[in-house]
A.B. asks: 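Below is one structure. I have some questions about it.
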2 protein chains.
Amino acid sequence: MIDDLPQTLRSDALDNRERILDAARALFATEGMDVPMREIARRAGVGPATLYRRFPTKQALATEAFTEQMHACNTIVEEGLADPDPWHGLCLVIEKLCELHARNRGFTTAFTSAFPHAVDLAAGREHALTSLAELARRAKDTGHLRPDFVLDDLILMLMANGGLHATSTNARVAASRRFAALAIRAFQA
Amino acid sequence: MIDDLPQTLRSDALDNRERILDAARALFATEGMDVPMREIARRAGVGPATLYRRFPTKQALATEAFTEQMHACNTIVEEGLADPDPWHGLCLVIEKLCELHARNRGFTTAFTSAFPHAVDLAAGREHALTSLAELARRAKDTGHLRPDFVLDDLILMLMANGGLHATSTNARVAASRRFAALAIRAFQA
DNA sequence: AGCTAAACGGACGCCGGCGTCCGTTAGCGT
DNA sequence: ACGCTAACGGACGCCGGCGTCCGTTTAGCT
């Protein structure tokens, strides 16, 4: 019950922990957030107990597993912000974000419907959003982005992008690409 | 096992059947397609056996339950087709379809990912789509609809519309409305 | 009113995911 | 090399949904 963590994991434990995270990332991406915990354990080659010992709940695991993707998200936004042409930058961001989400079935759910307690993710999310707001402001100034655009519209689009169900990842990515193009058209002044 | 149906149901059976369908419609709409069969039975005030006797599988039930909505779908498209201004008609269709789907969480899944064997639904679906294609052709002729528009774009949007998760129906409908507006902008020439 | 078969629904056994306990294994410090 | 303890994972009991069986009820016909 009380696991007064000794702060320093044994080498094999550390190794397992990493393998669990890898398995979780892979399965969350392809199968979505509703994969059984045991499936992840199996894939990682560990017993259920080991999995639960490291990550007591599924969302603890998800939070950890997705920080990587969260960083990717922020990187994408930073890149867009760095683009000399804000509108072009915004377009790139939209395209890349859509693709990222399409490749990670579970990430979208984690990102949009953000579980109540996934604090770490929420932080990254907010950071990405404020940067996005800044990018949008600049893009509006160039006159290429509709003046009545609001950030919620973009979130709406990302959510909607998550609705693109398809069995294969490739099909989903393809659909997502077309969707991104349509979204961009909708935002264009 | 073999239920050589006597074609004519007893009055109480008929009554239960109707109550089951009502319950199913209500629950599919609010909870989505993954409500337990027993939940539907409970709501209808019948035992599980009765439910399974009438509808051996969930998709048999869904097929029957959604024919009503499928008709609504077709009616919407017909109305759009009857509009003197095809582009205006198309816009109405998009708005109404999005709202219809937003109000019926389960219908979208049934309509887009259309279960393998839901033949009845598929028929109605195809009919709606051909009518839509005709409407789109006319709207293009007026010059208001983008020339490179394809019917798949609309389906893509409907699928995406299904991704708009929200706890309350009202919130979902609101989001759907904004989404429809964006979709229309994307399709506009 | 009485009979018969249609219809009902409570109860059962099965399955798969869940979270935990405890006997065994093996890292690591001496 | 050896012991101590962190770490492991098989196994357990629980729960909820599933689909079906069978004893009971009741509609409908004469």
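Values reported hereafter were calculated over all heavy atoms of this structure, with side chains retained and with hydrogens, waters and symmetry mates removed. By convention in this document, chain letters (A, B, ...) are assigned in the order of the sequence lines, proteins followed by strands, and residues within each chain are numbered from 1.
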A.B. asks: Roughly, in whole Å, what's the span from CG in A:L14 to P in D:dC8?
C.D. replies: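 Interatomic distance, CG of A:L14 to P of D:dC8: 10 Å.
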
A.B. asks: Taking for each residue the nucleotide of DNA chain D bearing the nearest heavy atom, is the 5' side occupied by A:P48 or by B:A49?
C.D. replies: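 Its nearest nucleotide lies further toward 5', so the answer is A:P48.
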
A.B. asks: Measure the distance from OH on B:Y52 to P on C:dG9 and round it to the nearest whole Å.
C.D. replies: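 Going from B:Y52 (OH) to C:dG9 (P), I get 15 Å.
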
A.B. asks: Identify which nucleotide among C:dA7, D:dC18, C:dC18 has an atom closest to any side-chain atom of A:M37, counting heavy atoms from C-beta outward.
C.D. replies: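 Out of C:dA7, D:dC18, C:dC18, the nucleotide with an atom closest to A:M37's side chain is C:dC18.
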
A.B. asks: In whole angstrom, give the distance that lies between atom CG of B:L51 and atom C1' of C:dG10.
C.D. replies: 15 Å

A.B. asks: Expressed in angstrom and rounded to an integer, what is the separation of B:L9 atom CG from C:dA5 atom P?
C.D. replies: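 Distance, rounded to whole Å: 18 Å.
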
A.B. asks: Whole angstrom is fine here: how far is it from CZ in A:R10 over to C1' in C:dG27?
C.D. replies: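 About 4 Å, once rounded to whole Å.
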
A.B. asks: Name the closest nucleotide to the B:A13 side chain, picking from D:dA7, C:dC8, D:dG28.
C.D. replies: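 Given the options D:dA7, C:dC8, D:dG28, the side chain of B:A13 is closest to C:dC8.
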
A.B. asks: Taking only Lys NZ, Arg NE, NH1 and NH2, and the carboxylate oxygens of Asp or Glu, determine whether B:E39 and B:R43 approach each other closer than 4.0 Å.
C.D. replies: no

A.B. asks: Would you please classify the geometry between the A:F107 ring and the A:F66 ring as parallel, tilted or perpendicular, with 30° and 60° separating the classes?
C.D. replies: tilted

A.B. asks: C:dA7 phosphate, OP1 or OP2: any side-chain N/O from B:T50 under 4.0 angstrom?
C.D. replies: no

A.B. asks: For the pair made of CD in B:E39 and P in D:dG17, what is the distance, rounded to whole Å?
C.D. replies: 8 Å

A.B. asks: I would like to know whether A:R146 and B:R185 meet side-chain contact (heavy atoms from CB on, under 4.5 Å); could you show each step before the answer?
C.D. replies: CA-CA 11 Å; A:R146 303 182 65 94; B:R185 283 182 193 167; 3.0 Å; yes

A.B. asks: Go through the steps for A:L129 and A:R125 under the test side-chain contact (heavy atoms from CB on, under 4.5 Å), then give the verdict.
C.D. replies: CA-CA 6 Å; A:L129 288 185; A:R125 185 174 171 279; 4.0 Å; yes

A.B. asks: Rounded to whole Å, how long is the line connecting atom CG of B:N16 with atom C1' of C:dA6?
C.D. replies: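 Rounded to whole Å, this separation is 12 Å.
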
A.B. asks: B:R38 CZ to D:dC15 P: how many Å, rounded?
C.D. replies: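 Roughly 17 Å, once rounded to whole Å.
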
A.B. asks: Please determine, for the side chain of A:P36, which listed nucleotide (C:dG17, C:dG27, C:dG9) has the closest atom?
C.D. replies: C:dG17

A.B. asks: Begin with the C-alpha distance, continue with both residues' side-chain angles, and end with the deciding distance and a verdict on salt bridge (Lys or Arg N to Asp or Glu O under 4.0 Å) for B:E99 and B:R177.
C.D. replies: CA-CA 7 Å; B:E99 170 151 357; B:R177 233 188 278 276; 3.2 Å; yes

A.B. asks: C:dG19 base to A:R53 side chain: any donor-acceptor pair below 3.5 Å?
C.D. replies: no

A.B. asks: Measure from the side-chain heavy atoms of B:D12 and tell me the nearest of D:dA7, C:dA7, C:dG17.
C.D. replies: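 Minimum distance to the B:D12 side chain belongs to C:dA7.
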
